Number of protein chains: 2
Amino acid sequence: MARIKTEKNVSRKEVIVTKAAALFREKGFKAASMRDLAEAVGVEAASLYNHIKSKTELLHELCFSVANRFMHYIDEVEAEKITAIEKIEKLMRFHIDEMVHHYEEVYVSDREWKHLADPYLSNYQNQRRIYRKRFASIIEAGIRNKEIKKIDAPTAVLIMLHAVSGIESWHRSKQRISAEELEENMITILVGGLTNK
Amino acid sequence: MARIKTEKNVSRKEVIVTKAAALFREKGFKAASMRDLAEAVGVEAASLYNHIKSKTELLHELCFSVANRFMHYIDEVEAEKITAIEKIEKLMRFHIDEMVHHYEEVYVSDREWKHLADPYLSNYQNQRRIYRKRFASIIEAGIRNKEIKKIDAPTAVLIMLHAVSGIESWHRSKQRISAEELEENMITILVGGLTNK
DNA sequence: TTATTTCCCTAACACGCGTTAGTATGTTAT
DNA sequence: ATAACATACTAACGCGTGTTAGGGAAATAA
């Protein structure tokens, strides 16, 4: 009889969630079937339901675990006594690291959250909106004390956040350059594009 | 009896393709059903098949019409006798305009091409790869004659192209700033981020 | 008007989906 | 060894999907 393999301190549910992230990333949430997932896990589809409540629950878990990580990090950064540019650089490095090291999860939560159902959907959208507002506030503070070019802060946030998702292509292209080089290049262009002079 | 309304010089098929773009953008290709599309068009699902061959054909048309526009434009730009930075600025402005004025199509072709079937899939992926290579070559030329910072060109391309897709949020947020302001801000940050000094 | 073509309808198909019920097997605790 | 539990299986459900067939209505051509 097949059995879901677990390593120490990893529940069977966590194994499923992880495999789901990879599958949702590859095929998209709607196109990925529970039978696909079962096969990836090495078990029959019905057996998954001993560990999870529904397919959507998998998406919840992915989206909110990612969202929480970003929320906690921006809490930290906001509290630090450093320049606006330094805050933005820290945030961007965090985004890049997350996209590099937790690729599947982050990608899925970024692209597939539309398929969440209320009340999770509105909740998620709210968190996203708030996060962007807080990011924009940092930029605006930087503009006021002339660290940063006079630009529209919300637009700058859009650019920053979406640029990071380009790392998807880096993953697919088999990492032609190292993660560190990737990070430095992105910081150079993006933070450099904001900085005054 | 219901009938698909057409204006002059617009075929019924074109009406369907346009509505499909809006629907695929809103729900995603897989989640959008032919019955949804039929309702949007004002007709029964089966009736659509008098005008189209399949659901996938709709995706083909969208993806390749967008891809062709970008390919033709980069042809033009490459042929011009202007600096690398000017070429990049022209390309970026084109990307932004396309994303602003043909939002649904461009968005769909950017996010849903995964659901194309071979041979269209490989064809599309190829075109994309080639386009990015050509874009990167322009950047590399700019680096050689010191117009542009010493950065990894393919990474810069990723950033540029993905940043543009942030315009999606601008569309959803009901266009707080004008399209022109949006464009100028994006150019300032992105082209500014590349430029040497 | 009549003949022809274009378009849309209803009905139905085969299929894949997420999920549940009921049962058997393997693991852990007594 | 035996009881209790966790986890897997098979079988099946109701539903929504893309698509086809065949017939009737509306527009166009004669």
Side-chain angles (χ1 to χ4, degrees), chain A residues 1-21 23-24 26-63 108 112 114-118 120-121, chain B residues 1-21 23-24 26-63 108 112 114-118 120-121:
Chain A
M1 214 174 196
R3 207 137 205 276
I4 300 177
K5 286 180 195 166
T6 62
E7 319 191 347
K8 222 177 176 179
N9 292 331
V10 177
S11 72
R12 288 181 163 75
K13 178 167 179 174
E14 284 167 324
V15 172
I16 294 173
V17 172
T18 303
K19 294 277 187 186
L23 204 68
F24 294 169
E26 190 192 331
K27 300 195 164 197
F29 177 74
K30 275 282 175 184
S33 77
M34 292 304 279
R35 287 166 177 89
D36 290 337
L37 177 56
E39 192 180 351
V41 171
V43 98
E44 293 300 315
S47 309
L48 297 172
Y49 288 84
N50 285 305
H51 307 280
I52 60 163
K53 286 201 298 290
S54 66
K55 187 187 181 185
T56 338
E57 188 204 4
L58 294 168
L59 191 58
H60 300 162
E61 302 234 347
L62 290 168
C63 289
V108 167
E112 306 292 335
K114 279 186 188 176
H115 300 105
L116 288 170
D118 268 324
Y120 298 97
L121 178 60
Chain B
M1 215 172 195
R3 207 137 206 280
I4 300 177
K5 287 180 196 168
T6 60
E7 318 188 349
K8 220 177 177 179
N9 292 332
V10 178
S11 72
R12 286 178 164 77
K13 178 167 178 174
E14 283 167 325
V15 173
I16 294 173
V17 171
T18 303
K19 294 276 186 186
L23 204 68
F24 294 169
E26 189 191 332
K27 301 196 163 195
F29 177 74
K30 274 283 176 184
S33 76
M34 293 304 278
R35 286 164 178 88
D36 290 338
L37 178 55
E39 193 180 351
V41 170
V43 99
E44 293 300 315
S47 308
L48 297 172
Y49 289 84
N50 285 302
H51 306 281
I52 61 162
K53 286 202 297 289
S54 67
K55 187 187 182 188
T56 336
E57 187 204 4
L58 293 169
L59 191 59
H60 299 163
E61 302 234 348
L62 289 168
C63 289
V108 168
E112 306 292 334
K114 278 186 190 178
H115 300 105
L116 288 170
D118 266 325
Y120 298 97
L121 178 61

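All values reported here derive from a predicted model rather than from experimental measurement. All chains are named by letter (A, B, ...) in the order of the sequence lines, taking the proteins before the strands, and each is independently numbered beginning at 1.
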*Taking only residues two or more places apart in sequence, or in another chain, which ones meet B:Ser11 in a side chain to side chain donor-acceptor pair (under 3.5 Å)?*
B:Glu14
*Mind checking A:Ala32 for me? I need base, sugar-phosphate or nothing, with any heavy atom below 4.0 Å counting as a touch.*
sugar-phosphate
*Between CD1 of A:Ile16 and CG of A:Leu48, what distance do you get to the nearest 0.5 Å?*
5.0 Å
_Output the rounded distance in Å from NZ (B:Lys5) to P (D:dA27)._
13 Å
_Euclidean distance, atom NE2 of residue A:His51 to atom P of D:dA6 [Å, nearest integer]_ = 11 Å
*With sequence neighbours excluded, residues passing side chain to side chain donor-acceptor pair (under 3.5 Å) with B:His115*: B:Glu112
_With ring-ring contact (aromatic ring centres under 6.0 Å, His included) as the rule and sequence neighbours excluded, what pairs involving residues 31-60 of chain B come up?_
B:His60-B:Tyr120
*For residues 50-63 of chain A, which residue pairs qualify under salt bridge (Lys or Arg N to Asp or Glu O under 4.0 Å), counting only residues two or more places apart or in two chains?*
A:Lys13-A:Glu57, A:Lys13-A:Glu61, A:Lys53-A:Glu57
Please output the side-chain donor-acceptor pairs of residues 34-47 of chain B that fall under 3.5 Å, not counting sequence neighbours, one pair per line with the distance.
| unit_1 | atom_1 | unit_2 | atom_2 | d |
| --- | --- | --- | --- | --- |
| B:Asp36 | OD2 | B:Lys27 | NZ | 3.2 |
| B:Asp36 | OD2 | B:Ser33 | N | 3.2 |
| B:Asp36 | OD2 | B:Ser33 | OG | 3.3 |
| B:Ser47 | OG | B:Glu44 | O | 3.4 |

*Could you state the atom-to-atom distance from CG of B:Leu59 to C1' of D:dG18 in whole Å?*
15 Å
*Is there a donor and acceptor pair, one atom on the side chain of A:Asn50 and one on the base of D:dA6, closer than 3.5 Å?*
no
*Please determine which of A:Leu59, A:Leu116, A:Val108, A:Leu23 meets the side-chain contact (heavy atoms from CB on, under 4.5 Å) test together with A:Phe29.*
A:Leu59
_Watson-Crick or G-U pairs under 3.5 Å in DNA chain C, rendered as dot-bracket with [ ] for crossing pairs and | for another strand_ = |.||||.|||||||||||||||||||||||
*Name all residues meeting the side chain to side chain donor-acceptor pair (under 3.5 Å) criterion together with A:Asp118; count only those two or more places apart in sequence or in a different chain, and write none if there are none.*
A:Ser122
_Residue-level proximity of residues 35-49 of chain A to DNA chain C when a heavy atom falls under 4.0 Å_ = A:Arg35, A:Ala46, A:Tyr49
_Other residues, nucleotides and ligands only: do more than 12 of their heavy atoms fall within 6.0 Å of NZ on A:Lys114?_
yes
*How would you list, by chain and number, every residue that makes a side chain to side chain contact (heavy atoms under 4.5 Å, CB included) with B:Thr6, sequence neighbours excluded?*
B:Arg12, B:Val15
*asked:* Distance under 4.0 Å to a non-hydrogen atom of chain B counts as contact; along DNA chain C, which nucleotides mark the start and end?
replied: C:dC7 to C:dA12
